[in-house]
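Input: a single structure, listed below in structure tokens.
Order of the sequence lines fixes the chain letters, A, B, ..., with proteins taken first and strands second; residue numbering starts at 1 for each chain. Since the model is a prediction, treat every value here as computed from it, not as a measurement. Values below: all heavy atoms of this structure, side chains included; hydrogens, waters and symmetry mates excluded.
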Amino acid sequence: DAKTTQPNSMESNEEEPVHLPCNHSTISGTDYIHWYRQLPSQGPEYVIHGLTSNVNNRMASLAIAEDRKSSTLILHRATLRDAAVYYCILRDPGGSQGNLIFGKGTKLSVKP
Amino acid sequence: ETGVTQSPTHLIKTRGQQVTLRCSSQSGHNTVSWYQQALGQGPQFIFQYYREEENGRGNFPPRFSGLQFPNYSSELNVNALELDDSALYLCASSFGVAGAGYTFGSGTRLTVV
């Protein structure tokens with residue numbers, strides 16, 4: 001199974017940009033990189049996904065390395081509501097297409 | 001547009017009992033996936049249902065089973081409960097099986113004593 005590696009935790013100050021890294025050296029050519037986040041006492045929430053090119057949406061930006069072995073989720077201005085566990089996920093290449101393989105994620109703390 | 005609704009929110013069962021958890025998918029979604037999340041861990045894939053049939057299964061024993069109904073809602077059944085089954089059970093719906101843009105419910109917290 002393709003796997004991702006993320007730092008256990010990160011801290012940010014409110015209204016500053018946050019760069020959350022993810023390594024996925026065994027990614028296959030057809031794997032999409034997905035990011036979800038989980039706020040306390042809630043289910044995971046979709047943030048963004050991409051294949052090769054950088055992607056932007058209203059929540060965040062996703063920067064994908066040219067060799068696709070790493071990616072970075074960018075929150076342009078962190079708010080206290082962005083404090084959550086962020087998961088970088090690859091779609092399971094060998095099993096069910098619906099299988100999102102979650103790791104432990106990065107716990108982001110945002111200081112006022 | 002309603003999101004994913006799970007019931008009940010909390011449940012306490014005794015070891016050896018059986019439990020049924022329910023999930024109503026988001027309007028317009030036809031695929032439901034179930035995940036188990038132990039404390040401090042990321043969610044683990046249990047199985048997915050598409051067009052009322054199982055469309056893939058994670059590393060869970062057969063005592064974990066499910067159903068999907070014509071209105072795309074779903075049930076997760078667990079027989080012969082064990083203490084290690086205590087976890088947050090999450091349901092996610094999507095349109096199609098591709099795995100992008102899942103909408104998760106807030107989960108059912110199951111405690112087995």
Side-chain angles (χ1 to χ4, degrees), chain A residues 1-9 20 22 24 27-28 30-53 55 57-60 62 64 84-108, chain B residues 3-7 9-10 21 23-26 29-51 53-60 66 68 72 74 87-109:
Chain A
D1 290 346
K3 295 189 178 194
T4 62
T5 304
Q6 300 177 253
N8 290 332
S9 62
L20 297 163
C22 180
H24 29 76
I27 190 171
S28 73
T30 54
D31 277 337
Y32 279 77
I33 302 156
H34 301 258
W35 284 82
Y36 282 74
R37 70 180 185 181
Q38 188 170 20
L39 280 65
S41 303
Q42 295 188 27
E45 174 187 28
Y46 168 79
V47 177
I48 199 167
H49 77 283
L51 183 62
T52 57
S53 304
V55 184
N57 66 21
R58 63 176 181 81
M59 290 181 70
L62 176 59
I64 302 172
V85 178
Y86 285 79
Y87 296 99
C88 170
I89 298 162
L90 302 181
R91 218 177 76 182
D92 180 12
S96 162
Q97 291 190 18
N99 185 5
L100 300 177
I101 302 173
F102 288 81
K104 289 190 177 182
T106 297
K107 184 173 182 178
L108 175 66
Chain B
V4 173
T5 305
Q6 292 188 243
S7 62
T9 55
H10 296 83
L21 309 181
C23 171
S24 294
S25 59
Q26 179 171 308
H29 286 184
N30 57 10
T31 305
V32 172
S33 303
W34 286 91
Y35 289 80
Q36 180 196 66
Q37 186 172 24
L39 206 59
Q41 304 294 317
Q44 300 297 308
F45 175 69
I46 303 175
F47 43 56
Q48 182 185 71
Y49 277 84
Y50 174 64
R51 293 183 174 177
E53 293 198 359
E54 189 177 291
N55 182 54
R57 187 180 186 93
N59 189 27
F60 281 81
Q68 186 181 32
Y72 308 122
S74 178
L88 180 67
Y89 288 85
L90 295 160
C91 170
S93 72
S94 61
F95 181 74
V97 301
Y102 279 15
T103 301
F104 282 80
S106 296
T108 294
R109 172 70 64 187

Legend entry - OH on A:Y36 to CZ on B:F104, rounded to 0.5 Å: 6.0 Å
Inset, instruction - Would you indicate whether the side-chain heavy atoms of B:Y102 and A:L100 approach each other to under 4.5 Å? - result: yes
Inset, instruction - Give a yes or no on whether the ring-centroid distance for A:F102 and B:Y35 is below 6.0 angstrom. - result: yes
Inset, instruction - Could you tell me whether B:F47 atom CZ has more than 12 heavy atoms of other residues or ligands within 6.0 Å of it? - result: yes
Legend entry - Nearest heavy-atom neighbours spanning B:L90 and A:G43: CD2-CA, 3.8 Å
Inset, instruction - Please round to the nearest 0.5 Å and tell me the distance separating atom CG of B:L88 and atom CD of A:Q42. - result: 11.5 Å
Legend entry - Residue A:Y32 excluded, over 12 heavy atoms near OH under 6.0 Å: no
Legend entry - Heavy-atom proximity to chain A below 4.5 Å, by part of B:Q37: side chain
Legend entry - Minimum side-chain heavy-atom gap B:P43-A:P44 below 4.5 Å: yes
